[in-house]
Amino acid sequence: MKAEKVRVLVVDDEPLIRAGLRLILDGAPDLSIVGEAGDGETAVRLAADLEPDVVLMDIRMPRLSGIGATERMTALPVPPRVIVLTSFDTDDFILSALRAGASGFLLKDTAPAEMVSAVRAAAEDNLRFSPGILKRIVAAAATVRPAPAPQPNPLLELSERERAVARAVARGLTNTEIGAELYVSVATVKTHIANAFTKLGVTNRVQLAVTVLQSETPAG
């Protein structure tokens with residue numbers, strides 16, 4: 001039986017960028033672009049109608065920003081995985097997108113092969129994200145709020161194996177790679193990740209990774 005293709009919605013207000021993304025993704029036999037949108041309002045409507053697996057989402061757009069669109073999409077009955085297309089000069093937007101429910105972030109100049117790989121991984125909730133971006137998120141988070149009073153390390157809420165899995169997620173490893181590294185099944189990895197989500201109050205892998213990095217990065 002032929003495997004179903006990963007359904008992708010491309011959202012960017014620049015037609016040239018959308019065309020470039022289509023060119024990149026159409027070259028992958030297991031990916032299918034089911035729609036395009038040039039503004040956030042249209043993107044949300046298409047996401048509800050088409051139920052894509054993955055959305056590539058620009059941040060700055062007319063009518064409704066990528067952040068607003070992400071927030072609405074992740075609240076849909078069948079929410080897609082949203083990958084935000086960003087650049088290193090938009091740390092504040094990255095933080096807002098994370099709070100809105102984005103599953104991950106790609107630089108707009110990401111190599112085509114890496115972008116295809118990221119879309120495939122996102123469809124399986126195994127998004128490969130750049131540790132560099134995560135570190136920028138952590139740094140930005142520290143600048144937009146006052147330094148909190150010392151708190152117990154939240155990772156202490158996790159079991160030893162859950163901490164090992166969480167740290168592997170923060171390194172950008174997939175469930176399969178984590179299982180191979182820790183000599184456990186993928187099902188066991190998923191269970192540990194689900195437990196970590198519940199204990200730490202996060203909803204996706206990027207938020208988990210940020211929590212790990214914030215907990216293990218020295219202050220100052």
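Summarising the local packing, NZ of Lys199 is surrounded by more than 12 heavy atoms from other residues, nucleotides or ligands at distances under 6.0 Å. A 6.0 Å sphere centred on CD of Glu162 holds more than 12 heavy atoms belonging to other residues, nucleotides or ligands. Under a cut-off of 6.0 angstrom, the local environment of CG in Leu16 is sparse, with at most 12 non-hydrogen atoms contributed by other residues, nucleotides or ligands.
A donor and an acceptor atom, one from each side chain of Thr188 and Ser185, are located under 3.5 Å apart. A side-chain N or O of Asp39 and one of Thr42 form a donor-acceptor pair less than 3.5 Å apart.
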- Query: Between Met73 and Leu9, is a side chain to side chain contact (heavy atoms under 4.5 Å, CB included) present by the stated rule, with each step listed?
  - Reply: CA-CA 12 Å; Met73 285 183 186; Leu9 174 64; 4.2 Å; yes
- Kindly determine whether Arg7 and Glu51 satisfy salt bridge (Lys or Arg N to Asp or Glu O under 4.0 Å), including the steps that lead there. CA-CA 8 Å; Arg7 296 161 52 81; Glu51 296 185 355; over 6 Å; no
- Show the numbers, then the answer: is there a side chain to side chain contact (heavy atoms under 4.5 Å, CB included) between Val189 and Thr176? CA-CA 8 Å; Val189 172; Thr176 300; over 6 Å; no
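Summarising the geometry of Ala209 relative to Ala170, their closest heavy-atom pair is CB-CA, 3.6 Å, with the distance given to 0.1 Å. Of all the heavy atoms in Pro52 and Ala47, the pair that sits closest is CD-O, 3.5 Å. In this structure, Leu46 and Ala37 approach most closely via the heavy-atom pair CD1-CB, 4.1 Å.
The structure places OG1 of Thr191 at 12.5 Å from CZ of Arg161, a figure rounded to the nearest 0.5 Å. If you take CG on Leu85 and CE on Met57, they are separated by 9.0 Å, rounding to the nearest 0.5 Å. Here the CG atom belonging to Asn175 is positioned 4.0 Å from the CD1 atom belonging to Ile193, to the nearest 0.5 angstrom. One distance of note links OG1 of Thr74 with CZ of Arg81; it measures 10.5 Å at 0.5 Å rounding. Distance check: Leu21 CG to Leu106 CG gives 9.5 Å after rounding to the nearest 0.5 Å. Remark: Arg45 CZ to Leu50 CG distance equals 8.5 Å, nearest 0.5 Å.
Within the 4.5 Å cutoff, side-chain heavy atoms of Thr211 are placed close to those of Pro154. With contacts defined as side-chain heavy-atom distances shorter than 4.5 Å, the pair Val8/Val55 does not qualify. Taking 4.5 Å as the limit, some side-chain heavy atom of Lys108 sits within range of a side-chain heavy atom of Asp12. Counting only heavy atoms from C-beta outward, the side chains of Asp58 and Val11 never approach each other to under 4.5 Å. Using a 4.5 Å heavy-atom threshold, the side chains of Leu208 and Phe197 count as touching. By the 4.5 Å heavy-atom criterion applied to side chains, Arg120 and Met115 are not counted as neighbours. The closest side-chain heavy-atom distance from Pro80 to Val54 is not below 4.5 Å. Side-chain contact between Leu182 and His192 is absent, with no heavy-atom pair separated by less than 4.5 Å.
Ion pairing of Asp13 with Arg18 is absent here, as no side-chain N (NZ or NE/NH1/NH2) approaches a carboxylate O to less than 4.0 Å. Salt bridge absent: Arg60 and Glu14 never bring a charged side-chain N and a carboxylate O closer than 4.0 Å. At a threshold of 4.0 Å, the pair Glu181-Arg171 counts as salt-bridged, since one of the basic side-chain nitrogens sits closer than that to a carboxylate oxygen. Salt bridge annotation for Arg22-Glu36: present, with a cationic side-chain nitrogen under 4.0 angstrom from a carboxylate oxygen.
Looking at Glu177, its side chain does come within 3.5 Å of a backbone N or O of Thr174 through a donor-acceptor pair. Judged by distance alone, the side chain of Thr70 and the main-chain N or O of Gly66 form a donor-acceptor pair under 3.5 Å.
Note on Val184 and Leu158: same hydrophobic cluster, where clusters join Ile, Leu, Val, Met, Phe, Trp and Tyr whose side-chain heavy atoms are under 4.5 Å apart, directly or indirectly. Taking hydrophobic clusters as Ile, Leu, Val, Met, Phe, Trp and Tyr residues chained together by side-chain heavy-atom distances below 4.5 Å, Leu76 shares a cluster with Val34.
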